[in-house]
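These notes are about the structure you will find just below.
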Amino acid sequence: MKCPKCGSRTSVEIDMHSEGFTAEESPVKECGSCGLVWRVRMVQGKPTIDIIKAADRKE
């Protein structure tokens with residue numbers, strides 16, 4: 001999946017067990033290029049991007 005900020009395809013899936021991030025259909029991902037942390041979840045049948053942590057590096 002492409003990073004929603006920089007478009008890089010270098011991402012790492014993060015295994016988090018806190019409430020709200022355990023669903024396998026919306027895994028948390030971190031961009032290997034810019035550091036953005038996000039997840040994609042379905043809201044009323046449409047994909048929605050949740051930004052969890054802003055990018056910490058310039059792409």
Side-chain angles (χ1 to χ4, degrees):
M1 164 170 254
K2 287 187 350 181
C3 172
K5 179 173 180 358
C6 72
S8 172
R9 292 192 182 271
T10 306
S11 66
V12 176
E13 194 168 311
I14 301 172
D15 185 19
M16 297 183 72
H17 296 285
S18 61
E19 187 64 35
F21 297 111
T22 58
E24 290 193 22
E25 65 270 5
S26 59
V28 175
K29 297 190 179 280
E30 179 179 10
C31 178
S33 296
C34 72
L36 183 78
V37 179
W38 79 96
R39 74 174 179 159
V40 177
R41 63 186 175 101
M42 298 301 283
V43 176
Q44 297 180 350
K46 296 180 183 177
T48 302
I49 297 174
D50 289 336
I51 303 298
I52 298 167
K53 181 177 129 313
D56 57 7
R57 298 181 291 273
K58 291 189 177 192
E59 64 270 12

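- Between Pro47 and Val40, the shortest heavy-atom distance links the atoms CB-CG1, 3.9 Å.
- Arg39 is not listed as a side-chain neighbour of Pro27, based on a closest heavy-atom distance of 4.5 Å or more.
- Checking each of Ile49, Asp50, Ile52, Val28 against Trp38 for a side chain to side chain contact (heavy atoms under 4.5 Å, CB included) leaves exactly one that passes, namely Ile49.
- Between Pro4 and Leu36, the closest side-chain pair of non-hydrogen atoms falls below 4.5 Å.
- Residues satisfying the side chain to side chain contact (heavy atoms under 4.5 Å, CB included) criterion with Thr10, sequence neighbours excluded, are Ser8, Ser33.
- Lys2 meets the salt bridge (charged side-chain N to carboxylate O under 4.0 Å, His left out) test with no other residue; sequence neighbours excluded.
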